[in-house]
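Numbers restart at 1 for each chain; the letters A, B, ... are given by sequence-line order, proteins then strands.
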2 protein chains.
Amino acid sequence: MKNQLLKGDALTLLPTLEACSFDALITDPPYASGGLTAGARQKPPSEKYVQGGKSALHADFAGDERDQRSHLRWMVMWLSECARLLKEGAPVCLFTDWRQLPLTTDALQCAGFTWRGITVWDKTEGVRPQLGRFRNQAEYVVWGSKGSMPLQRRAPVLPGVIREPVRKADKLHMTGKPTALMRQLVRICEEGGRVLDPFAGSGTTLVAAQLEGYSWLGCEMTDHYVEVAGQRLAAL
Amino acid sequence: MKNQLLKGDALTLLPTLEACSFDALITDPPYASGGLTAGARQKPPSEKYVQGGKSALHADFAGDERDQRSHLRWMVMWLSECARLLKEGAPVCLFTDWRQLPLTTDALQCAGFTWRGITVWDKTEGVRPQLGRFRNQAEYVVWGSKGSMPLQRRAPVLPGVIREPVRKADKLHMTGKPTALMRQLVRICEEGGRVLDPFAGSGTTLVAAQLEGYSWLGCEMTDHYVEVAGQRLAAL
DNA sequence: CCCTTCTATGAATCGTGCT
DNA sequence: CAGCACGATTCATAGAAGG
C-alpha cells in the first residue's frame, strides 16, 4: 500500500478512503483545552500555549477553539469515520492532556471503540513548577480497539509509562511529540501494518511509522505543516 | 489536634466531625472496578483481583461491589461530607485506576471541589504483561482543592509522576500503597497540617502523615485493618 | 557478606465452554 | 443466546534460597 500525505480537513478526506484498509489509528488531535474560560480558549493556539510574553515559535494550527460540547461532537464525528477505515481488532491511540482525558475516553467509546487503557507519557521535566502543587509533567494516550483484540496479533508487549523528555530540535510543531516516543507507540500496530493519522501536524507519527517498518497515510490541513512533514518524510 | 483512628463506616463517622478542621483529604477509596460482569463485580476483592486459584494473602475489604452509577453517587456523598470538614483552599487527593478515572474526576467536581490535575503512580515495569498491549502499570491520583488554592501555601513543588515499585514487606492490604509513595503525596498538605483519610485500610496514609510531621484522622470499617493500622501507628 | 539462581507474583484479560 | 466460571497467558522484579 502506498504511503500518502493528504492536504485538507480530516472530516472531508476520511470519507474518500477505502473501508477496512488500516491496521491502526494513532493521532494527536487538537485538545481544545488551554485556557480556563471559554473566551481564553478562543484565542489562537500561539497565544494560548505560550508561556510568559515569548513570541510564538510555531505557526498556528486549526481546530483548537471549540468548547467542550462541540469538541466532543467533533471528536465522535471523525472517530466514527476512522472506525469505518480500520480493520476489525485494530488498535486506536489518542493523545490528550489531563483536562480532556475524560472527554477523550467518552469520545472513543461514543464512536463505538472499546476503551482498553491509558498509557502515560512522562515528560520527566517539570513544566512550570508551582509551589504547593503537583507538577504537570505528563500527557496521556487513551487507547482501545475496534471490537475485540485477539491476543495472537503480531505486536510486542508495550510500556504503560513512557519516559521521554521533550527536545527542542525534535519538536517542529507547537504540540509536537518526540520521535522516540512515537516509535514506541506505533508498535501497537500489527507488524508491517498500515497506520492512519488524520492530524499529522509535523508528521512525527508518520516518520515513526516509517522508521518502524509500517506503511502510513496522514492528513493535515495547514499548508505549513504539510510542507514540514513532507520534507521530513522525504529525508528518511 | 489529637490523632485518631476511628472504626466504622465513613458515611456515618464523617458527619460527627467538626467542620473546617482539616488541611487535606488524602485517600484511596474502593475502586469498584474489577470484573467484566455484574456477577463478577460482586465477588469479594480477594477473588476479583487475584489471579489463578492462589490463596488470598490479605483480608477482604468492604465497599467494592457497586455498579458505576451507584459508585458515583456514593463517591459524591462522602466527598460532600469531606468538603464540610476541610478548610478553604485545602487540597484533595483521590486514588483511582484507569477504568474509574473519568468517574473520579466527575465525583470530585460534583461534590463541589475544583479539579486541578492528575498525578501518576508509575509502578515501574513488571506488571502483568500482555502481548500486543500496553502494560497496565500505572494508577492515578486525581487531585484538586476546596475552592481556590493560594500559591503562598507552605508546601513544596511536588512530582507529577512518582516511580515507586510495590514491595511485599510494605504492602499490608490487598490494594496497599508503598509508604514512600504516600510520603510524597501527603506533602501537598500545608506544613504541620491535619490530614483526613476516610478509607484508611492498613493505615499507610496515616503512617506517611505521621512521618512527615502532620497530624491525622482516619476511618476504617474492617476490624482486621483497624488492628493492623493501629499496630503500625503505635510502632512509630 | 556477596553473588547467582530460582521462584513467586501482580487493584487482569481473553476466549472457551457450560448453564 | 446471554451470562458466567474457569484456565491460560505474559515477563520484570522482588525476594528467597543456595553457594
Side-chain angles (χ1 to χ4, degrees), chain A residues 88-89 91 114-120 143-163 184 187-188, chain B residues 27-68 71 75 94-104 120-142 162-182 199 201-202 204-205 222 225:
Chain A
E88 197 60 29
T114 303
W115 179 28
R116 294 186 177 274
I118 298 173
T119 289
V120 177
W143 75 280
S145 63
K146 176 175 172 182
S148 68
M149 201 180 181
L151 284 168
Q152 304 88 307
R153 292 172 61 250
R154 281 166 306 138
V157 175
L158 292 157
V161 177
I162 305 176
R163 287 159 52 85
Q184 297 251 20
R187 299 177 69 211
I188 190 70
Chain B
T27 195
D28 184 13
Y31 298 172
S33 72
L36 290 167
T37 62
R41 255 195 313 277
Q42 277 154 22
K43 289 193 297 184
S46 59
E47 291 175 40
K48 216 162 39 172
Y49 297 125
V50 172
Q51 69 170 16
K54 305 275 167 54
S55 61
L57 251 170
H58 301 287
D60 276 329
F61 58 95
D64 202 60
E65 51 276 314
R66 298 178 182 87
D67 69 12
Q68 279 244 334
H71 186 60
M75 292 276 288
L94 306 177
F95 270 90
T96 189
D97 67 358
W98 66 270
R99 215 182 269 279
Q100 299 291 20
L101 206 159
L103 183 145
T104 307
V120 177
W121 171 31
D122 177 0
K123 301 187 214 181
T124 75
E125 293 180 358
V127 188
R128 256 180 255 244
Q130 284 188 289
L131 275 171
R133 326 243 157 169
F134 294 102
R135 278 185 142 90
N136 211 321
Q137 76 189 70
E139 287 186 36
Y140 304 88
V141 179
V142 169
I162 306 176
R163 278 169 61 85
E164 196 65 55
V166 179
R167 275 173 237 283
K168 212 173 179 179
D170 188 34
K171 182 170 163 159
L172 305 170
H173 185 285
M174 195 183 315
T175 68
K177 306 292 180 276
T179 307
L181 168 70
M182 297 313 301
F199 306 97
S202 58
T204 313
T205 304
T222 308
Y225 290 116

Original post:
Taking the side chain of Trp98(B) as its heavy atoms from C-beta onward, which of dT13(D), dT13(C), dA11(C) lies nearest to it?
Top reply: dT13(C)
**OP:** Would you check if the side chain of Asp60(B) reaches a backbone N or O of Ser46(B) as a donor-acceptor pair within less than 3.5 Å?
**Re:** yes
Original post:
How far apart are the C-alpha atoms of Phe95(B) and Thr205(B), what are their side-chain angles, what is the distance that settles it, and do they pass the side-chain contact (heavy atoms from CB on, under 4.5 Å) test?
Top reply: CA-CA 12 Å; Phe95(B) 270 90; Thr205(B) 304; over 6 Å; no
Subject >> Flag, side chain of Gln130(B) to backbone of Leu151(A), donor-acceptor distance under 3.5 Å >> reply: no
Original post:
Base, sugar-phosphate alone, or nothing: which one does Trp121(B) contact when heavy atoms must sit under 4.0 Å apart?
Top reply: nothing
**OP:** State which of dT13(C), dA12(D), dG15(D) makes the closest approach to the side chain of Arg133(B).
**Re:** dT13(C)
Original post:
Can you tell me how far C1' of dC11(D) sits from CD of Gln130(B), to the nearest Å?
Top reply: 12 Å
**OP:** Check every atom of dA14(D), dA12(C), dG10(C) against the side chain of Arg167(B) and return the nucleotide holding the closest atom.
**Re:** dA14(D)
**OP:** Can you tell me the distance, in whole Å, between the NE2 atom of His71(B) and the C1' atom of dA11(C)?
**Re:** 12 Å
**OP:** Please report, rounded to the nearest Å, how far the P atom of dA8(D) is from the CG atom of Leu151(A).
**Re:** 15 Å
Subject >> Atom CZ of Arg187(A) with >12 non-hydrogen neighbours under 6.0 angstrom >> reply: no
Subject >> Spacing of CD belonging to Gln137(B) relative to CZ belonging to Arg163(B), to within rounding of 0.5 Å >> reply: 8.0 Å
Original post:
With distance as the sole test, does Tyr225(B) use its side chain to make a donor-acceptor pair with the main-chain N or O of Ala59(B) at under 3.5 Å?
Top reply: yes
Original post:
For atom P, what is the distance between dA11(C) and dC6(D), given to the nearest Å?
Top reply: 22 Å
**OP:** May I have the step-by-step check of side-chain contact (heavy atoms from CB on, under 4.5 Å) for Lys146(A) and Glu88(A), ending in yes or no?
**Re:** CA-CA 6 Å; Lys146(A) 176 175 172 182; Glu88(A) 197 60 29; 3.7 Å; yes
Original post:
Out of dT9(C), dG10(C), dA11(C), which nucleotide sits closest to the side chain of Lys168(B)?
Top reply: dT9(C)
Original post:
Can you find a side chain N or O atom of Lys171(B) that sits less than 4.0 Å from OP1 or OP2 on dA14(D)?
Top reply: no
**OP:** Working to the nearest 0.5 Å, report the span between CG of Asn136(B) and OG1 of Thr119(A).
**Re:** 8.5 Å
Original post:
Is there a donor-acceptor contact under 3.5 Å from the side chain of Trp121(B) to the main chain of Glu164(B)?
Top reply: yes
Subject >> Candidates dA11(C), dT13(C), dC11(D) - which lies nearest the side chain of Thr175(B) >> reply: dA11(C)
Original post:
If you check every side-chain atom of Tyr31(B), which of dG15(C), dT13(C), dA11(C) has the closest atom?
Top reply: dA11(C)
Original post:
Within the modelled atom types, does a donor on one side and an acceptor on the other bring the side chain of Asp28(B) and the base of dA11(C) under 3.5 Å apart?
Top reply: yes
Original post:
Counting only side-chain N and O atoms of Arg128(B), is one of them less than 4.0 Å from OP1 or OP2 of dA8(D)?
Top reply: no
**OP:** Check the distance between dA11(C)'s C1' and Asp60(B)'s CG and give it to me in whole angstrom.
**Re:** 13 Å
Subject >> Per Lys177(B) side chain, nearest of listed nucleotides dG10(C), dT13(D), dA11(C) >> reply: dA11(C)
Original post:
Quick one: Asp97(B) CG to dA12(C) C1', roughly how many Å, whole number?
Top reply: 11 Å
Original post:
If you measure from the C1' atom in dT9(C) to the same atom in dA8(D), how many Å do you get, rounded?
Top reply: 16 Å
Subject >> Atom-pair distance (CG on Leu158(A); C1' on dC11(D)), nearest Å >> reply: 13 Å
Original post:
If you measure from the ring centre of Tyr49(B) to the centre of the six-membered ring in the base of dA12(C), is it under 5.5 Å, with the planes under 30° apart?
Top reply: no
Subject >> For atom CG of Leu131(B) and atom P of dA12(D), their distance in whole Å >> reply: 11 Å
Original post:
Looking for any heavy atom pair under 4.0 Å, which part of the strands does Pro29(B) touch: base, sugar-phosphate only, or nothing?
Top reply: base
Original post:
Picking from dA11(C), dA12(C), dA12(D), which would you name as closest to the side chain of Arg135(B)?
Top reply: dA12(D)
**OP:** With pairs defined as Watson-Crick or G-U wobble and both distances under 3.5 angstrom, please note down DNA chain D as a dot-bracket string, | for pairing with another strand.
**Re:** .||||||||.|||||||||
Subject >> Value in whole Å for how far the C1' atom of dT10(D) lies from CD of Gln152(A) >> reply: 13 Å
